Structure formats: structure tokens, C-alpha cells
Amino acid sequence: MRVKRINHIAIAVENLDDAIDTFKQILGIEPGEIKEVSNQKVRVAMFDVGGVYVELIEPTSEDSPIYKFVKEKGGGLHHIAFSVSSLNNVIQELEEKGFIWINKEPRIGAEGKPIAFLHPKSTKRVLIEFVEEGEE
Ligand code: ZN
């Protein structure tokens, strides 16, 4: 099996503090510590919902990859992330099948793990991220 589970569901927001307040009420739990991911120019808050994170992401700069999305759509559901044991295997296999990667070189995500994104062009318009979790 390629994917092990859903790692997180990411929601892009205009104002992280305001969004945290909203999702605290919806989910009835507190988020973990707010993290700054400098290579993506975002601030992130994660709610642990039974081992799957609901991740709120706020752009911190106009050249953040999610800045345009938030500006144009006012935020909303942004991507779904799946856990895999080997990112390089997934990248190679899906590329051979003709899928388009946004980044073929894994980069480090908010959890400190390697990540890569498939382009929505080849995924029925859903931005999909893979997170390498290694073997358990
Ligand atoms: Zn993500």
C-alpha cells in the first residue's frame, strides 16, 4: 500500500489567531505550539484530531506559496497530506505514471519531515502532499 494514513488536512487562513479561536470552538481541543516555517513563509497551528492533524496555515509574506490563495479566495481547504514510508519511491513511481510534481526534490515541512507536493493538474484539482514518516 502506498499511503499509510492521512497525515494532515491543511486549511489556509488570513489570520491565524482568529482561525485558532474558531477551530478551538469547532473541535473542542487546544492546538499545539504555533510554528514558523521559514522556507514556506507561513505560520502553522496544528490540532491533533485522533492522530490526524488539522493544520491552519497563515502566509507571513507576499511571496509565500499560499499568499495568492488566501488573497484571492479568502482562504479555505488547501491540501490533504498522506503519510508514506519512502518519499523517493512515491516520487519516482508517480512520475513514471505521468503525474506532475510541484517539487520533485523533497523539502522539510512543519513537522521537520521530508515532504513533496503533486500538482493539482494531475490530481483532479486537489493539492496533495506526501509526508515521509519512515518505517514503523
Ligand atoms: Zn501540509
Side-chain angles (χ1 to χ4, degrees):
M1 193 173 66
R2 169 167 293 121
V3 297
K4 302 206 243 190
R5 59 191 178 88
I6 292 176
N7 183 283
H8 61 268
I9 295 164
I11 298 166
V13 302
E14 234 173 331
N15 180 305
L16 189 61
D17 298 323
D18 181 52
I20 286 172
D21 185 58
T22 301
F23 277 84
K24 267 161 72 169
Q25 295 181 64
I26 293 168
L27 301 172
I29 51 175
E30 294 287 323
E33 215 179 295
I34 293 172
K35 290 180 193 163
E36 188 114 23
V37 185
S38 50
N39 66 2
Q40 294 292 294
K41 304 206 166 74
V42 291
R43 286 203 310 150
V44 179
M46 293 188 206
F47 293 82
D48 185 348
V49 182
V52 175
Y53 292 104
V54 170
E55 189 180 289
L56 304 178
I57 42 180
E58 174 202 64
T60 55
S61 155
E62 286 187 17
D63 51 352
S64 167
I66 65 158
Y67 178 80
K68 224 177 112 199
F69 181 87
V70 169
K71 204 75 200 159
E72 285 171 4
K73 302 190 177 172
L77 200 53
H78 188 259
H79 65 270
I80 299 174
F82 297 105
S83 299
V84 295
S85 44
S86 165
L87 196 50
N88 286 326
N89 287 354
V90 173
I91 290 170
Q92 197 193 329
E93 284 171 26
L94 291 183
E95 179 160 46
E96 281 167 11
K97 291 183 187 220
F99 285 83
I100 302 155
W101 289 92
I102 290 177
N103 65 304
K104 260 188 282 177
E105 288 300 317
R107 53 184 188 231
I108 301 301
E111 294 172 89
K113 293 172 180 166
I115 61 171
F117 287 91
L118 275 177
H119 198 286
K121 264 196 289 213
S122 53
T123 60
K124 309 293 179 222
R125 311 308 305 174
V126 180
L127 180 57
I128 292 178
E129 174 187 353
F130 290 95
V131 181
E132 182 166 280
E133 290 221 313
E135 302 292 346
E136 269 157 26

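For clarity, every value in this text was computed on a predicted model and none was experimentally measured. Both counts, for ligands and for their atoms, begin at 1 and track the order of listing. Along the sequence shown, residues are numbered consecutively beginning with 1.
Using a cutoff of 4.0 Å between basic side-chain nitrogens and carboxylate oxygens, Arg43 and Glu58 are scored as salt-bridged.
The Zn ion (ligand 1) is closest to atom OE1 of Glu129 (considering only N, O or S atoms). Taking the Zn ion (ligand 1) as reference, His8 places its N/O/S atom NE2 nearest.
The Zn ion (ligand 1) has an N, O or S atom of His79 under 2.8 Å away, backbone or side chain.
Once rounded to the nearest 0.5 Å, the distance linking CZ of Phe82 with CG of Asn7 reads 10.5 Å.
Proximity of a side-chain donor or acceptor of Thr60 to a complementary backbone N or O of Lys41 within less than 3.5 Å is detected.
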Using residues 119-129 as the side-chain source, report each donor-acceptor pair under 3.5 Å to any protein atom, sequence neighbours left out, with the distance given to one decimal.
unit_1 : atom_1 : unit_2 : atom_2 : d
His119 : ND1    : Lys121 : N      : 2.9
Ser122 : OG     : Ile100 : N      : 3.1
Ser122 : OG     : His119 : O      : 3.2
Thr123 : OG1    : Pro120 : O      : 3.4
Thr123 : OG1    : Val126 : N      : 3.3
Thr123 : OG1    : Val126 : O      : 2.3
Glu129 : OE1    : His8   : NE2    : 3.0
Glu129 : OE1    : His79  : NE2    : 2.7

